[in-house]
Amino acid sequence: MNSLQDAFTRLRRVQSDFEAAKSAMTQEVAELRGLSGTRKNANDQAHGSCEMTYLMRLLSDFEGALTDIGPHLSTPRTFSDADGLSEKINAIGKPMGMEKSFRERVHRDVRELRNELMHGRRLGLRIDFDGAHRLMKEFLRACK
């Protein structure tokens, strides 16, 4: 398997794990119907925490995937530990001919998501798990 396929596999694995966790929680909610509002509120908070956890994992795997695919692209690029997500997105996207506006959108949305997650602002998220997953896959597809 090549590094780009590995990158897609990493994102698929996070998505699959998140879907399994959501399914288990949904089943628990179905079993809790009729219980107190306090218990339902706790379950809603658990759903939010679950999504935040998997969004953090998705971000981490996306950045790791960029680091891994860099050396194998038509214009190889290796990254140091000091290189951030912005440098990786631009260093990979620019030589691949990705439009500047697309690179900027990916960078902005991923940066804002990361910042919101790091500050624990679940309600302020502009992009949910599915949206983030789609955006990251779109970026990786453009690396072909």
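Closest heavy-atom contact between F129 and L55: CA-CD2, 3.5 Å. L59 and R114 get closest at one heavy-atom pair: CD1-CA, 3.7 Å. Nearest heavy atoms, L73 versus C143: CD2-O, 3.9 Å. Nearest heavy atom pair, residue I69 against residue L140, reads CD1-CD2, 3.9 Å. The shortest heavy-atom contact between A142 and M98 is CB-CE, 3.5 Å. Pairing each heavy atom of S86 with each of H107, the nearest pair is CB-NE2, 3.0 Å.
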Q) What do the steps show when you test R105 against L135 for side-chain contact (heavy atoms from CB on, under 4.5 Å), and what is the final call? A) CA-CA 9 Å; R105 179 172 59 92; L135 180 66; 3.3 Å; yes
(Q) Could you go through M118 and M56, starting from their C-alpha distance and side-chain angles, then the distance that decides it, and tell me whether this counts as side-chain contact (heavy atoms from CB on, under 4.5 Å)? (A) CA-CA 9 Å; M118 292 301 126; M56 284 187 225; 4.1 Å; yes
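Of the possible polar contacts, one joining the E87 side chain to the G84 backbone as a donor-acceptor pair under 3.5 Å is found. Counting only distance, with no hydrogens or angles, the side chain of Q5 and the backbone of N2 share a donor-acceptor pair below 3.5 Å. Looking only at distances, a side-chain donor or acceptor of D83 sits under 3.5 Å from a matching main-chain atom of S80.
With salt bridges taken as basic N to acidic carboxylate O contacts below 4.0 Å, none links E138 and R141. R13 and D61 are not joined by a salt bridge, as no carboxylate oxygen comes within less than 4.0 angstrom of a charged side-chain nitrogen.
The CZ atom of R57 sits 10.0 Å away from atom CZ of R10, with the distance rounded to the nearest 0.5 Å. Atom CG of L58 and atom CG of D130 lie 10.0 Å apart (nearest 0.5 Å). For the atom pair H133 NE2 and L11 CG, the distance stands at 5.0 Å (nearest 0.5 Å). The line from CD of E63 to CG of L85 is 5.0 Å long, rounded to the nearest 0.5 Å. Rounding to the nearest 0.5 angstrom, the gap separating the OG atom in S49 from the OH atom in Y54 is 12.5 Å. The distance from the CG atom of D109 to the CE atom of M136 is 9.5 Å, given to the nearest 0.5 Å.
The side-chain heavy atoms of F79 and P71, taken from C-beta on, include no pair separated by under 4.5 Å.
Using a 30° and 60° split on the angle between ring planes, F62 and F139 fall in the perpendicular class, above 60°.
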